[in-house]
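Everything on this sheet refers to the single structure shown next.
Quick caveat: nothing in here was measured; it's all calculated off a predicted structure.
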Amino acid sequence: MYEDRFSRLNQYRSLWILVFFDLPTETKKDRQVATRFRKHLLDDGFTMFQFSIYLRFCASKENAEVHTKRLKNNLPPQGKIGFMQVTDKQFGMMEIFYGKKSVEPDTPNQQLELF
């Protein structure tokens, strides 16, 4: 019974950071900047959900703030970038469709965090 209560609380304490972006890619320099930003996301533990949507699981609000601050310090000079945080519970209610058929979402790789 204690474990059920604890896991339910964790679903509301743990967060997912979603990063949405639209970066210019007209010139070679633009493409290099966009590639560098995507590489930074991957190096920071984000996973590509769609080409310009990346996500990352964070065990706590404090952990999410660290990664959000790191992203803000590495924003490209041009383009549109948005961050959103949702609880693990909210993220688990997402429905994904390929065409008209509903499919189970892939479970992202668990990331171990050492304190």
Side-chain angles (χ1 to χ4, degrees):
M1 183 151 123
Y2 174 75
E3 287 181 33
D4 287 348
R5 234 184 280 154
F6 183 74
S7 65
R8 267 188 270 139
L9 288 175
N10 270 348
Q11 290 179 332
Y12 295 99
R13 278 190 44 81
S14 54
L15 300 170
W16 287 87
I17 302 173
L18 287 83
V19 180
F20 310 92
F21 58 91
D22 185 14
L23 301 176
T25 57
E26 283 80 40
T27 68
K28 183 175 181 178
K29 176 126 173 88
D30 288 342
R31 288 188 294 278
Q32 289 173 340
V33 169
T35 299
R36 195 170 27 251
F37 182 69
R38 279 195 284 284
K39 185 175 177 348
H40 172 74
L41 289 169
L42 294 171
D43 290 346
D44 197 29
F46 283 80
T47 303
M48 185 168 67
F49 183 72
Q50 291 184 355
F51 188 68
S52 60
I53 302 174
Y54 284 67
L55 49 88
R56 185 185 201 290
F57 177 80
C58 295
S60 66
K61 177 94 173 134
E62 295 78 18
N63 182 246
E65 288 172 2
V66 167
H67 292 285
T68 300
K69 183 177 180 182
R70 199 174 292 159
L71 284 173
K72 288 178 181 178
N73 290 333
N74 287 286
L75 292 175
Q78 296 179 336
K80 185 175 182 180
I81 301 161
F83 305 151
M84 182 170 74
Q85 295 180 4
V86 297
T87 65
D88 189 42
K89 179 71 173 174
Q90 292 168 323
F91 186 82
M93 294 186 302
M94 180 179 4
E95 291 185 69
I96 300 174
F97 297 88
Y98 293 94
K100 295 182 181 181
K101 184 178 177 184
S102 175
V103 292
E104 289 295 315
D106 292 336
T107 305
N109 299 331
Q110 281 298 88
Q111 182 171 348
L112 298 176
E113 295 191 26
L114 303 174
F115 297 92

Query raised in the report: Taking only residues two or more places apart in sequence, or in another chain, which ones meet Lys69 in a side-chain contact (heavy atoms from CB on, under 4.5 Å)?
Result: Asn73
Query raised in the report: Are the side chains of Tyr54 and Leu42 in touch, meaning some heavy atoms are under 4.5 Å apart?
Result: yes
Query raised in the report: Are Val33 and Phe51 connected in the hydrophobic side-chain network, where two residues link if heavy atoms are under 4.5 Å apart?
Result: no
Report summary line: Applying side-chain hydrogen bond (donor to acceptor under 3.5 Å, both in side chains) to Asp30 and not counting sequence neighbours gives Thr27
Report task. With sequence neighbours left out, write down each residue that passes side-chain contact (heavy atoms from CB on, under 4.5 Å) with Thr35, or none if nothing qualifies. Result -> Arg38
Query raised in the report: ring-ring contact (aromatic ring centres under 6.0 Å, His included) with Phe49: which residues, sequence neighbours excluded?
Result: none
Query raised in the report: What residues, two or more places apart in sequence or in another chain, satisfy side-chain hydrogen bond (donor to acceptor under 3.5 Å, both in side chains) together with Asp43?
Result: Lys39
Requested in this report: Can you sort out the partners of Phe83 under side-chain contact (heavy atoms from CB on, under 4.5 Å), two or more places apart, ordered by chain and number?
Outcome: Val19, Thr68, Leu71, Lys72, Leu75, Ile81
Query raised in the report: Can you get from Met93 to Phe91 by hopping between Ile, Leu, Val, Met, Phe, Trp and Tyr side chains that sit under 4.5 Å apart?
Result: no
Query - Side-chain touch Leu55/Ile17, heavy atoms, less than 4.5 angstrom - result: no
**Report entry** side-chain hydrogen bond (donor to acceptor under 3.5 Å, both in side chains) against Glu62, all qualifying residues, sequence neighbours excluded
**Finding:** Ser60
Report summary line: The side-chain contact (heavy atoms from CB on, under 4.5 Å) partners of Arg70 (sequence neighbours excluded) come to His40, Asp44, Val66, His67, Asn74
